[in-house]
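As the structure lists them, so they are numbered: ligands from 1, and atoms in each ligand from 1. Count residues from 1 along the sequence.
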Amino acid sequence: MVRRYQIRTYGCQMNEADSERLAGLFDADGYERTDRADDADVIVLNTCCIRENADNRLYGALGHLKALKDGRPDLQIAVAGCLAQKDQELIQQRAGHVDVVFGTHNVHRAPQLLADARQHGPVIEILDAAARDDGEMFPTALATTRELDHAAWLTIQVGCDNSCAFCIVPAVRGPELSRPFGDLVADAVRLAADGVQEITLLGQNVNSYGRDITTARRRRDPDVEDAAAAGPVWADDPARRARPLFADLLRAVGAVSGIDRVRYTSPHPKDLRPETLAAMAETPAVCEHLHLPVQSGSDAVLAAMHRGYAADRYLDKLAAARAAIDDLAVSTDIIVGFPGETDADFDATLELAAAAQYDYAYTFQYSPRPGTEAAERTEAYVDPAVTNDRYERLRTVVERSALAQHRARVGRNEEVLIEAPSKKDERVMSGRTRQNKLVHVAATESLRPGTLATVTVTDAAAHYLHGELVEVLASPRRRTKIPVVAG
Ligand code: 5AD
Ligand code: SF4
């Protein structure tokens, strides 16, 4: 009997990348994927403690699954990801029917842990930061089963060395750790050979990629070059001890033959260097899109958050990015209702959002994450009704600029990478422009996922564009696998 698995993903891109890797591990183990809980032998809930309400959603889902498990005791339920890591014992206390709890550092052990649980009963295994160096914790790009054939995540770094007062990441994901440069480029080459056209470089703080590599190298011996870690590209550069830079990685991945598009998320504004902007401008494959989380427009709130920049400085960086890169789309993350946020602070956020003219923004209502500095400031919590009102007002401002940015594109020709049939209408194909805008195009035979096409934008809304096909630029590169009969 074939065993079937279902994975539910509750979080950020990092979390989605982990889910794709989990799927790859199960596939390699002979499992089949299913979308129906009723058919599954294993259900993995991959959690995230960054997104709002993650714990309520998790416990809600576990509640529903209890009935299923009562009827089918063989069903295995696993909770993975950073919420699992943080709340490990609590999960088993509150949901005794969970078989396996594992964290973000031991995704690669999932099939083994499930097998152990079948033999010996429930297992909790969370690796701590010290155990992270086993080389296996990094999602190697190849072992994953991707949601889209032509697009892949590439995790270049995990952890975070900052200490934003609202954020749980440094506590659960540990200090920054960059994957060796050479390994990343090799992964990009292999992904391209597998038909991948678009790579998104992922990290909690992507643009400080390499900082830990250079620090470690300097501590060991300033004269020793570690080619595997640093990459041999700049052996003659007198400044080589400060490399690899994130900019080097953008250029190297962008140079891989077959990779049409390179994206990355998320950079930190304080670490956005001119070298990164130059690499974006000078590497044709790197897309004209910058997601630059601002979090607030008030200098007082930014200081209380420990973000390391003031609003003016952020806007200067944005202006420098727009000056360096033609037709750059810009998006952001903003939190409203941070402890102590006054009306005047919030007005400053509205002003900044209007001035930045974002293409889109992920907006969040502050929610306390136990263990973070801001969560302690209970006396300064903002009334939820006030936060809600601010949230709606901010959304109006963001949607206004999004719509303006989108309307300005009507009548223009854009390069679109087709992704999949539209969720609402099978006769429409959806894709993305280089600026990461979702475009719906009336389907023709030639528009298969992975097709690169020129599309005229005909209509715009705040969250998407409509377009008409002008011409197909390139067919999908992914070859259909032809079974080979041995012998
Ligand atoms: N409350 C609200 N939003 C948060 N984010 C992170 N932590 C919190 C929190 N405690 C948001 C930030 C971050 C995004 C991924 O999630 O805006 O950039
Ligand atoms: Fe969290 Fe700040 Fe690190 Fe981003 S930079 S992961 S918000 S601590």
Side-chain angles (χ1 to χ4, degrees), residues 9-17 47-57 81-83 85-86 104 129 155-178 200 202-209 211-212 246 264-272 290-298 301-309 314 317 330-341 346 349 352-353 356 358 360-378 380-382 384 387-388 390-391 394-395 398:
T9 310
Y10 290 95
C12 61
Q13 285 100 337
M14 208 71 152
N15 200 231
E16 283 175 33
T47 64
C48 168
C49 47
I50 303 170
R51 288 284 155 95
E52 215 158 337
N53 242 336
D55 45 357
N56 290 339
R57 291 170 65 197
C82 63
L83 188 68
Q85 193 158 319
K86 194 168 74 65
T104 55
T155 303
I156 65 169
Q157 167 220 57
V158 292
C160 179
D161 287 347
N162 295 319
S163 47
C164 300
F166 51 83
C167 182
I168 191 71
V169 165
V172 292
R173 296 238 172 186
E176 278 170 26
L177 191 68
S178 300
T200 303
L202 276 187
Q204 234 77 54
N205 203 1
V206 268
N207 52 341
S208 59
Y209 169 80
R211 196 159 55 184
D212 53 315
F246 176 61
Y264 63 92
T265 197
S266 288
H268 194 300
K270 78 175 163 53
D271 301 319
L272 186 64
L290 179 64
H291 182 73
L292 198 61
V294 68
Q295 312 299 1
S296 170
S298 149
V301 173
L302 287 169
M305 288 175 164
H306 309 310
R307 289 290 292 175
Y309 53 85
Y314 174 91
K317 295 227 177 189
V330 179
S331 54
T332 199
D333 294 344
I334 303 176
I335 299 177
V336 297
F338 183 79
E341 184 187 71
F346 177 66
T349 296
L352 181 137
Y358 289 115
Y360 62 92
Y362 296 115
T363 49
F364 303 89
Q365 302 196 3
Y366 172 75
S367 78
R369 305 295 140 88
T372 56
E373 184 187 314
E376 307 281 304
R377 295 178 52 204
T378 45
Y381 279 13
V382 177
T387 299
N388 204 38
R390 289 178 186 168
Y391 180 80
L394 176 62
R395 216 175 50 174
V398 169

**Among Phe166, Tyr362, Phe364, closest by any non-hydrogen atom to atom 8 (C) of ligand 1** =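 The option holding the nearest heavy atom is Phe166.
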**Asked** Distance below 2.8 Å from atom 2 (Fe) of ligand 2: how many protein N/O/S atoms qualify?
**Response**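 Count of protein N, O, S atoms less than 2.8 Å from atom 2 (Fe) of ligand 2: 1.
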So, does [X] use its side chain to make a donor-acceptor pair with the main chain of [Y] at under 3.5 Å?
X	Y	answer
Ser298	Val301	yes
Asn205	Cys160	no
Tyr309	Val294	yes
Gln157	Gln204	yes

Can you confirm whether the side chains of [X] and [Y] place a donor and an acceptor under 3.5 Å from each other?
X	Y	value
Thr9	Asn15	no
Glu341	Ser296	no
Gln365	Asn388	yes

**Message:** I'd like to check which ligand 1 atoms, numbered from 1 as shown, lie under 4.0 Å from a non-hydrogen atom of Arg369.
**Reply:**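 Close to Arg369: 1 (N), 7 (N), 8 (C), 9 (C), 10 (N).
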**Item:** N/O separation below 3.5 Å, Gln295 to ligand 1
**Value:**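 N/O-N/O distance below 3.5 Å exists for this pair.
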